[in-house]
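Single-structure report; data block below.
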Amino acid sequence: MTAKPWGGVFSEATDERVEAFTESVSYDQRLAALDIRGSIAHARMLAAVGVLTGDERHQIEAGLSAIGAEIAAGTFVFRRELEDVHMNVERALVERIGDVGRKLHTGRSRNDQVSTDLKMWCRDEIDRLVGLLEDLQRAFVGRCSQDEGVIIPGYTHLQRAQPVLAGHYWLAYCEKLERDRGRLLDCRGRLNLLPLGAAALAGTSIPIDRQHVADALGFDGVTANSLDTSSDRDFAIELASALSLIAVHLSGWAEEWVLWSTTEFGFLKPPQQFCTGSSIMPQKINPDVLELIRGKSARVIGALQSLLVLAKGLPLAYNRDLQEDKERLFDAVDTVRGCLELAAPLVAGAELRREQIAARLEAGYLDATTLMEHLISRGVPQRTAHELIGTLVRTAMQRGVPLSGLPLDAFQEAHADLDESVYDVLGAQRAIEAMRSLGSTHPDMVRSQAAAWRARLKME
Ligand code: ARG
């Protein structure tokens with residue numbers, strides 16, 4: 001039996017089933033490098049305030065670095081009976097340097113330690129995710145020049161609505177991803193206060209210097225209330241929430257592209273390197289990556305739910321329940337990272353099937369709203385114009401033609417103010433060119449937005 005670091009008060013050994021049930025080292029070992037970094041900063045601070053001698057600090061630091069190297073090399077053996085990564089590292093330190101190692105945990109607790117490790121982990125992951133979001137934005141912006149001038153049907157209710165430029169569509173996702181990026185950075189900004197020094201829940205009587213540690217570890221300051229700090233997992237929940245929105249955005253996009261790559265739509269050919277086949281049907285080329293991006297959103301949203309339910313109803317301060325935060329958070333981050341890594345090359349490598357899109361672009365009366373606005377601009381009230389154009393669409397449907405296929409007298413019959421100029425706004429191309437409002441799909445607006453994105457993402 002390994003003696004527990006907390007064993008003094010106990011006269012009975014821990015039941016093995018409890019060791020298996022309570023351990024977290026099987027998954028929190030991925031925090032090891034950060035845990036060591038935090039411990040080194042803590043030891044340096046203890047020496048700076050005179051709690052450790054320079055020599056003790058040196059021994060501790062050298063020991064921790066050696067343990068870090070062993071962990072990085074994969075030769076370190078984590079022991080389940082030592083519960084978590086923190087106690088594994090500390091025990092290894094004591095075994096390596098002896099009694100001096102027993103001084104490391106002065107003025108801190110695993111409660112503030114685990115929160116510090118986890119915040120540092122979140123920070124690093126947020127930085128990676130932000131970079132990946134930008135890569136995906138670049139992929140969408142890159143498509144704007146690739147698909148310059150291509151018009152696609154825009155949908156509401158998944159029914160054909162109005163024509164839009166393909167570039168307008170790509171940039172719509174850039175906007176969503178930009179808000180996602182902002183949420184991640186906002187979360188990073190708020191979480192970046194050092195928990196270490198809150199100790200168990202009440203602070204410590206040891207004369208520690210928390211700001212010293214905060215500076216060493218790149219925190220913007222220290223948390224203000226030790227009780228709050230010991231219990232706080234808002235940052236993990238905020239991150240899971242930002243991740244859930246990313247997953248929701250990716251899932252919607254993936255669903256759209258799954259539809260677009262059907263024979264029925266025929267809008268898109270996903271790159272074959274991102275498709276897989278069927279074990280029985282020889283002809284199949286399935287968009288599995290898109291489907292899994294859609295499907296994996298479930299895990300991320302599930303993680304957010306788990307974390308919210310975990311935190312709900314916990315009294316102050318630390319409760320062991322909080323140990324359940326890590327697997328969910330790790331999984332959510334890993335999942336979103338994996339999705340983003342594949343989304344960018346998928347977006348860049350897909351092919352719009354221009355002829356197929358163009359062949360059916362005049363179906364569905366995409367220009368009806370622009371024609372209505374044409375009539376409004378001649379002084380007809382919107383409700384009246386809506387009614388009149390609705391009647392014209394009905395006539396065109398009965399004749400099996402697009403609006404531009406109706407003769408002039410059909411328009412004039414609908415309203416005397418309609419003259420040959422109606423043909424100037426009919427058809428997808430003209431409908432797009434008639435757009436004026438800021439943020440619309442007019443080619444000039446889309447072009448200037450694409451240019452702004454290129455500059456913002458440093459693409460040239
Ligand atoms: N492994 C624990 C966690 O992840 C660390 C803190 C444990 N603290 C305690 N007093 N048992 O939350």
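First listed ligand is number 1; within each ligand, the first listed atom is number 1. Computed from a predicted model, the values in this text were never measured in an experiment. Just so you know, residue 1 is the first one in the sequence shown, and it goes up from there.
With respect to D84 and K326, no salt bridge is recorded, no charged nitrogen being found less than 4.0 Å from a carboxylate O. Between D186 and R183 there is no salt bridge, since no side-chain nitrogen of the basic residue lies less than 4.0 Å from a carboxylate oxygen of the acidic one. E148 has a carboxylate O that lies under 4.0 Å from a charged side-chain N of R447, or vice versa, which qualifies the two as a salt bridge.
At least one heavy atom of K326 sits under 4.0 Å from some atom of ligand 1.
Close contacts of ligand 1 with Q323, meaning ligand atoms under 4.0 Å from a residue heavy atom, involve 1 (N), 2 (C), 3 (C), 4 (O), 12 (O). Which parts of ligand 1 touch D84 is read off a 4.0 Å heavy-atom cut-off, strictly below it: atoms 1 (N), 2 (C), 5 (C). Heavy-atom contacts of S24 reach the following atoms of ligand 1: 1 (N) (cutoff under 4.0 Å).
Protein heavy atom closest to atom 11 (N) of ligand 1, with residue, atom name and distance, is R110 NH2, 3.4 Å. Protein heavy atom nearest atom 3 (C) of ligand 1, with residue, atom name and distance: Y318 OH, 3.3 Å.
Between W257 and Y173, the ring centre distance reaches or exceeds 6.0 Å.
Geometrically, ligand 1 and N111 share a nitrogen or oxygen pair separated by less than 3.5 Å.
Taking the centre and axis of the six-membered ring of F219, the NZ or CZ atom of R123 falls inside the cone set by 45° and 6.0 Å.
Around atom CD of Q146, more than 12 heavy atoms belonging to other residues, nucleotides or ligands sit under 6.0 Å away.
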